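Predicted model, so just to flag it, every value in this text is computed and none were measured. These numbers come from the heavy atoms of this one structure, side chains and all, not from hydrogens, waters or symmetry mates.
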Amino acid sequence: QVHLVESGGDLVQAGGSLRLSCAASGSIVSIGDMGWYRQAPGKQRDLVARITTVGFRNYADSVEGRFAIFRDNAKNTVYLQMISLKPEDTAVYYCSMMIGGVRYWGQGTQVTVSS
């Protein structure tokens, strides 16, 4: 059994910063790709950032230059550093990891950016 637990979501003003964390626990041998997705009310869940096992990163156009994804393999953890936050970044943020060929999801953490 594998569990992903996210933390770091909060209410911030526009222009502010947040760092999200997601730690995996359970029966883990190795972790493949890690990523962050977000879902705003009434919208689909979209990819925000992704990092491969060798550190290749890709970002949604809307967050390029403002968000950065990092992974700590020793801690089975992925981070999302967010700066210059905008009201349109408001959403529930979900982490996702490929573990043993299965994609696991966290429970989500709310990020709200006020104008």
Student: Determine whether Met82 and Val111 satisfy the following criterion, side-chain contact (heavy atoms from CB on, under 4.5 Å), listing intermediate values before the conclusion.
Tutor: CA-CA 11 Å; Met82 306 184 291; Val111 172; 4.0 Å; yes
Student: Taking a hydrophobic cluster as the set of Ile, Leu, Val, Met, Phe, Trp and Tyr residues connected by side-chain heavy atoms closer than 4.5 Å, whether directly or through intermediates, do Trp105 and Val102 fall within one such cluster?
Tutor: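 No, it is not one cluster - the side chains of Trp105 and Val102 are not joined through contacts under 4.5 Å.
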Student: Going by side chain to side chain donor-acceptor pair (under 3.5 Å), name the residues that satisfy it together with Arg19, two or more places apart in sequence or in a different chain.
Tutor: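 Per chain and number, Arg19 pairs via side chain to side chain donor-acceptor pair (under 3.5 Å) with no residue.
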Student: Got a donor-acceptor contact below 3.5 angstrom from the Thr90 side chain to the Val113 backbone?
Tutor: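 Between the backbone of Val113 and the side chain of Thr90 there is a qualifying donor-acceptor contact (under 3.5 Å).
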Student: I'd like to know if Arg103 pairs up with Asp33 as an ion pair, taking the criterion as any Lys NZ or Arg NE/NH1/NH2 lying under 4.0 Å from an Asp or Glu carboxylate oxygen.
Tutor: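 Asp33 and Arg103: not salt-bridged.
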Student: Measure the spacing between CG of Leu20 and CD of Glu6 and express it to the nearest 0.5 Å.
Tutor: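 Rounded to the nearest 0.5 Å, the CG-CD separation comes to 8.0 Å.
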Student: Between Arg38 and Ser62, is there a side-chain donor-acceptor contact under 3.5 Å, judged purely by atom types and distance?
Tutor: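 Present: a donor and an acceptor within the cut-off.
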Student: Looking at every non-hydrogen atom in both residues, tell me the closest pair between Val92 and Gly108 and how far apart they are.
Tutor: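 The pair with the smallest heavy-atom distance is CG1-CA, 3.8 Å.
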Student: Between Asp46 and Tyr37, is the side-chain contact (heavy atoms from CB on, under 4.5 Å) condition met? List the steps.
Tutor: CA-CA 5 Å; Asp46 291 325; Tyr37 295 72; 5.9 Å; no
Student: Rounded to the nearest 0.5 Å, what's the gap from OG on Ser96 to OH on Tyr104? Could you check?
Tutor: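 Between atom OG of Ser96 and atom OH of Tyr104 there are 11.0 Å.
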Student: Ignoring hydrogens and geometry, is there a side-chain-to-backbone donor-acceptor pair from Gln13 to Ser114 under 3.5 Å?
Tutor: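 Pair absent, no side-chain N/O of Gln13 close to backbone of Ser114.
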Student: Listed by chain and number, what are the side chain to side chain donor-acceptor pair (under 3.5 Å) partners of Gln110, not counting sequence neighbours?
Tutor: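 Partners of Gln110 by the side chain to side chain donor-acceptor pair (under 3.5 Å) criterion, ordered by chain and then number, come out as Thr112.
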Student: Counting C-beta onward and ignoring hydrogens, is there a side-chain heavy-atom pair between Leu18 and Leu85 closer than 4.5 Å?
Tutor: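 Counting from C-beta outward, Leu18 and Leu85 do come under 4.5 Å.
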Student: Measuring only between side-chain heavy atoms, which start at C-beta, is Leu80 closer than 4.5 Å to Phe67?
Tutor: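 A side-chain contact exists here, since the closest heavy-atom pair is under 4.5 Å.
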Student: CE of Met34 to OG1 of Thr53: how many Å apart, nearest 0.5 Å?
Tutor: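 Taking CE in Met34 and OG1 in Thr53, the distance rounds to 10.0 Å.
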Student: Could you please spell out the steps behind the side-chain contact (heavy atoms from CB on, under 4.5 Å) verdict for Ile31 and Met98?
Tutor: CA-CA 6 Å; Ile31 303 177; Met98 286 296 294; 5.9 Å; no
Student: How far apart are the closest heavy atoms of Met97 and Asn76, and which atoms are they?
Tutor: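 Of all heavy-atom pairs spanning Met97 and Asn76, the closest is CE-O, 3.7 Å.
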Student: Is the shortest heavy-atom distance from the side chain of Asp72 to the side chain of Tyr79 under 4.5 Å?
Tutor: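 Answer yes - side chains close enough.
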Student: Please evaluate residues Lys86 and Ser115 with respect to the criterion side-chain contact (heavy atoms from CB on, under 4.5 Å), reporting the C-alpha separation (whole Å), side-chain torsions for both, the decisive distance (0.1 Å), and the verdict.
Tutor: CA-CA 8 Å; Lys86 304 175 181 179; Ser115 57; over 6 Å; no
Student: Taking the side chain from Thr109 and the backbone from Gly9, do they hold a donor-acceptor pair closer than 3.5 Å?
Tutor: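 Yes: the side chain of Thr109 pairs with the backbone of Gly9.
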Student: Quick one: ring-ring contact (aromatic ring centres under 6.0 Å, His included) partners of Tyr94, sequence neighbours excluded?
Tutor: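 Not a single residue meets the ring-ring contact (aromatic ring centres under 6.0 Å, His included) criterion with Tyr94.
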Student: Counting distance only, does the side-chain N/O of Tyr59 pair as donor-acceptor with the main-chain N or O of Ile69 below 3.5 Å?
Tutor: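 Side chain of Tyr59 to backbone of Ile69, a donor-acceptor pair under 3.5 Å: yes, one is there.
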Student: Looking at CD of Gln107 and CG of Leu4, how far apart are the two atoms once the value is rounded to the nearest 0.5 Å?
Tutor: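 CG of Leu4 is found 8.5 Å from CD of Gln107.
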Student: Find out whether Val78 and Trp36 are in side-chain contact, i.e. whether some heavy atom of one side chain is under 4.5 Å from a heavy atom of the other.
Tutor: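 Side chain of Val78 against side chain of Trp36, heavy atoms only: contact under 4.5 Å found.
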Student: So, the side chain of Gln44 versus the backbone of Gln39: is there a donor-acceptor pair under 3.5 Å, distance only?
Tutor: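 No, the answer is negative, given that no donor and acceptor are paired below the 3.5 Å cut-off.
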Student: Determine whether a donor-acceptor pair (N or O, by modelled atom type, separation under 3.5 Å) exists between the side chain of Arg71 and the backbone of Thr52.
Tutor: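 A pair under 3.5 Å: yes.
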Student: Output the distance between atom NZ (Lys75) and atom OG (Ser25), rounded to the nearest 0.5 Å.
Tutor: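 Reported to 0.5 Å precision, the distance equals 15.0 Å.
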Student: Is there a path of hydrophobic side-chain contacts, each under 4.5 Å between heavy atoms of I/L/V/M/F/W/Y residues, joining Ile83 to Val63?
Tutor: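 No, separate clusters.
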